Amino acid sequence: MQEELFDGKYYRDAGTQIALDHAGEVWHDRAVKLALLRFKAAGSEGCLFEQVRIYAQGLGMDPPPSHKAWGAVCLHLSKAKKIERTGEYRASEDVRSHAHYSPVWRIKEPHGN
């Protein structure tokens, strides 16, 4: 489709699917579960998604074939309305990121309780 040439979301979604396909369903399922545990522990203050990766790897989780799979997990949880941005940005602590600012995410609490 011609409009896909200018649709950033299309290419984002296609790229994240490729990263997830390479990581595999087992890796993805475990990453999602550990991410939700880390966000629950962070509470309403939230955390950077890189802290989820560090947490998971600290528990012995193998890194995915592509680091982009972590972004795919974040996108999955966001689209599923499991996490949300707090509106805050913090400098990354990962030396490879050169202290760029990233959004802070938190677990999305169900409304109406």
Side-chain angles (χ1 to χ4, degrees):
M1 200 176 238
Q2 185 64 27
E3 66 234 22
E4 292 171 355
L5 291 174
F6 305 104
D7 187 357
K9 289 181 182 180
Y10 169 82
Y11 288 106
R12 175 200 65 194
D13 292 347
T16 57
Q17 189 59 53
I18 290 168
L20 286 178
D21 290 346
H22 286 137
E25 190 175 332
V26 171
W27 183 91
H28 177 256
D29 290 347
R30 185 166 185 221
V32 165
K33 288 175 186 170
L34 291 175
L36 290 172
L37 284 174
R38 179 62 181 91
F39 283 117
K40 285 178 185 176
S44 62
E45 183 179 317
C47 64
L48 297 175
F49 209 85
E50 76 179 31
Q51 292 168 311
V52 170
R53 176 184 50 80
I54 293 165
Y55 171 77
Q57 289 175 337
L59 292 175
M61 184 165 183
D62 291 330
S66 168
H67 69 278
K68 294 177 183 180
W70 283 111
V73 171
C74 184
L75 183 62
H76 167 87
L77 289 171
S78 176
K79 282 184 163 187
K81 302 195 183 311
K82 301 280 186 185
I83 61 173
E84 64 187 357
R85 290 183 186 209
T86 65
E88 179 185 355
Y89 286 77
R90 294 184 196 153
S92 172
E93 296 174 9
D94 186 337
V95 96
R96 296 171 296 175
S97 72
H98 304 285
H100 78 276
Y101 279 79
S102 297
V104 176
W105 295 88
R106 67 176 162 224
I107 196 104
K108 187 169 183 174
E109 296 297 329
H111 296 285
N113 292 338

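Every value quoted in this text rests on a predicted model; they were computed, and no experiment measured them.
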Do [X] and [Y] share a hydrophobic cluster, counting only Ile, Leu, Val, Met, Phe, Trp and Tyr and linking them when any side-chain heavy atoms are less than 4.5 Å apart?
X      : Y     : value
Val73  : Leu37 : yes
Phe49  : Tyr89 : no
Ile107 : Tyr55 : yes
Ile18  : Leu75 : no

Please examine the side chains of Val52 and Trp105, heavy atoms only from C-beta on, and report whether any two atoms are closer than 4.5 Å. no
Problem - Beyond-backbone contact of Thr16 with Lys79, side-chain heavy atoms, under 4.5 angstrom - result: no
Closest non-hydrogen atom pair between [X] and [Y], with its separation:
X      : Y      : result
Ile83  : Ser78  : CG1-N, 3.7 Å
Ser102 : His100 : OG-NE2, 2.9 Å
Pro65  : Ala23  : CD-CA, 3.6 Å
Trp70  : Ala56  : CH2-CB, 3.6 Å
Ala72  : Leu20  : CB-CG, 3.5 Å
Met61  : Leu34  : SD-CD1, 3.8 Å

Residues 18-34 vs side chain to side chain donor-acceptor pair (under 3.5 Å), sequence neighbours excluded, gives Gln17-Asp21
Distance col, row Leu48:CG vs Glu88:CD, nearest 0.5 angstrom, shows 8.5 Å
Residue pairs meeting salt bridge (Lys or Arg N to Asp or Glu O under 4.0 Å), one or both in residues 35-64, sequence neighbours left out, come to Glu45-Arg90, Arg53-Asp94
